A.B. asks: 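First, the structure itself, so that you have it in front of you.
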Amino acid sequence: QVHLVESGGGLVQPGGSLRLSCAAPSEFFFAVYAMHWYRQTPGNPRLLIAAIGSDGEKIYADSVKGRFTISRDNAKKTVYLQMNSLKPGDTAVYYCSAEWRNEEYWGQGTQVTVSA
């Protein structure tokens, strides 16, 4: 079983920024996987907010477009989510996932709270 490890969450004021990281194990063939960021609030389904393919192509949910940026560093086997202009509505647990063919792996999640 592959475990992805998210970090970088925390408490931030509205308008602030955070950068989330999601690291894969050293033996993981990271470069072929599409990497995703999801978020989830209590009682709601997990929602895809950003994705980056193995070719570097990116997609974003409308709710974060223009504020969040996904990137990947294949040498470090890490995907990032730069979050700017944060709003209280961005408060959620953020999860990363790695997907390739019929394989998908998840991290444990990291809490992001946007509050004054």
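When reading the values below, keep in mind they use all heavy atoms of this one structure, side chains included, and skip hydrogens, waters and symmetry mates. Remember, predicted model here, so these are calculated numbers, not experimental data.
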A.B. asks: Any chance you could measure L20, atom CG, to M83, atom CE, to the nearest 0.5 Å?
C.D. replies: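 Here the rounded value is 4.0 Å.
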
A.B. asks: Which is it for W37 and C22 under the side-chain contact (heavy atoms from CB on, under 4.5 Å) test, yes or no, and what are the steps along the way?
C.D. replies: CA-CA 9 Å; W37 283 101; C22 170; 3.7 Å; yes

A.B. asks: How many angstroms lie between CZ in R39 and CG in L48, if you round to the nearest 0.5 Å?
C.D. replies: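 Those atoms lie 10.5 Å apart.
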
A.B. asks: Taking all non-hydrogen atoms of both residues into account, name the closest pair between F30 and D73 and its distance.
C.D. replies: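 Taking every non-hydrogen atom into account, CE2-O, 4.0 Å.
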
A.B. asks: Could you verify whether a donor N or O on one side chain and an acceptor N or O on the other, from Y80 and R19, lie under 3.5 Å apart?
C.D. replies: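 Checked: Y80/R19 side chains show no N/O donor-acceptor pair below 3.5 Å.
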
A.B. asks: Are the side chains of T110 and S7 in touch, meaning some heavy atoms are under 4.5 Å apart?
C.D. replies: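 Heavy-atom side-chain distance check fails, nothing below 4.5 Å.
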
A.B. asks: Mark yes or no for whether K77, through its side chain, and S26, through its backbone, hold a donor-acceptor pair below 3.5 Å.
C.D. replies: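 Such a contact is found between K77 side chain and S26 backbone.
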
A.B. asks: Can you name the nearest heavy-atom pair linking E6 to C96, along with the distance?
C.D. replies: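 Smallest interatomic distance, heavy atoms only, reads OE2-N, 2.7 Å.
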
A.B. asks: For Y95, what residues pass the ring-ring contact (aromatic ring centres under 6.0 Å, His included) criterion, not counting sequence neighbours?
C.D. replies: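 Counting only residues at least two positions away or on another chain, Y95 forms no ring-ring contact (aromatic ring centres under 6.0 Å, His included).
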
A.B. asks: Enter the distance from R46:CZ to Y94:OH here, rounded to the nearest 0.5 Å.
C.D. replies: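 Between R46 CZ and Y94 OH, I get 13.5 Å after rounding to 0.5 Å.
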
A.B. asks: Would you say F68 ends up clustered with L47 if hydrophobic residues are merged whenever their side chains have heavy atoms under 4.5 Å apart, either directly or through other cluster members?
C.D. replies: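 Hydrophobic grouping puts L47 apart from F68.
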
A.B. asks: Which of these passes side-chain contact (heavy atoms from CB on, under 4.5 Å) with I49: I59, D62, L81?
C.D. replies: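 When side-chain contact (heavy atoms from CB on, under 4.5 Å) is applied between I49 and each of I59, D62, L81, only L81 qualifies.
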
A.B. asks: Distance from T113 atom OG1 to L18 atom CG, nearest 0.5 Å?
C.D. replies: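 One finds 9.5 Å between OG1 of T113 and CG of L18.
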
A.B. asks: If we only count heavy atoms from C-beta on, is the I70 to Y60 side-chain gap below 4.5 Å?
C.D. replies: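 Of all side-chain heavy-atom pairs linking Y60 with I70, at least one is under 4.5 Å.
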
A.B. asks: Is the distance between the ring centroids of Y38 and W106 under 6.0 Å?
C.D. replies: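 They qualify: ring centres under 6.0 Å apart.
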
A.B. asks: Considering residues, nucleotides and ligands other than E27, do more than 12 of their heavy atoms fall under 6.0 Å from its CD?
C.D. replies: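 Result for CD/E27: enclosed.
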
A.B. asks: When you compare the side chains of S17 and N84, does any donor N or O come within less than 3.5 Å of an acceptor on the partner?
C.D. replies: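 Indeed, the side chains of S17 and N84 share at least one donor-acceptor pair under 3.5 Å.
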
A.B. asks: Taking C-beta and beyond as the side chain, do P14 and P88 meet within less than 4.5 Å on heavy atoms?
C.D. replies: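 P14 vs P88: side chains touch.
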
A.B. asks: Compare every heavy atom of V93 with every heavy atom of G109, then report the nearest pair and how far apart it is.
C.D. replies: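 It is CA-CG1, 3.9 Å.
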
A.B. asks: Starting at OG of S54, measure out to CE of M35 and round the result to the nearest 0.5 Å.
C.D. replies: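 Atom-to-atom, S54:OG and M35:CE are 11.5 Å apart.
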
A.B. asks: So which atom in H36 and which in A51 form the shortest heavy-atom distance, rounded to 0.1 Å?
C.D. replies: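 Heavy atoms only, the tightest pair is CD2-CB, 3.4 Å.
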
A.B. asks: Answer with yes or no whether the hydrophobic clustering places V79 together with V5; edges join I, L, V, M, F, W, Y residues whose side-chain heavy atoms lie under 4.5 Å apart.
C.D. replies: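 Shared cluster, no.
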
A.B. asks: Salt bridge between D90 and K87, side-chain N to carboxylate O under 4.0 Å?
C.D. replies: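 Not counted as a salt bridge, because no side-chain N and carboxylate O are separated by less than 4.0 Å.
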
A.B. asks: Is a side-chain donor or acceptor of R67 paired with a backbone partner of S85 at a separation under 3.5 angstrom?
C.D. replies: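 Yes: the side chain of R67 pairs with the backbone of S85.
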
A.B. asks: Distance from I52 atom CD1 to R72 atom CZ, nearest 0.5 Å?
C.D. replies: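 If we round to the nearest 0.5 Å, I52:CD1 and R72:CZ are 6.0 Å apart.
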
A.B. asks: Which atoms form the tightest heavy-atom contact between G9 and V112, and what is the distance?
C.D. replies: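 Of all heavy-atom pairs spanning G9 and V112, the closest is CA-CG2, 4.1 Å.
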
A.B. asks: Looking at residues at least two apart in the chain, or sitting in another chain, which of them share a side chain to side chain contact (heavy atoms under 4.5 Å, CB included) with E103?
C.D. replies: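 Result, side chain to side chain contact (heavy atoms under 4.5 Å, CB included) vs E103: Y33, W100, Y105.
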
A.B. asks: Side-chain contact test, heavy atoms from C-beta onward, threshold under 4.5 Å: evaluate it for T91 versus Q111 and give yes or no.
C.D. replies: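 The answer is yes; the side chains approach within 4.5 Å.
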
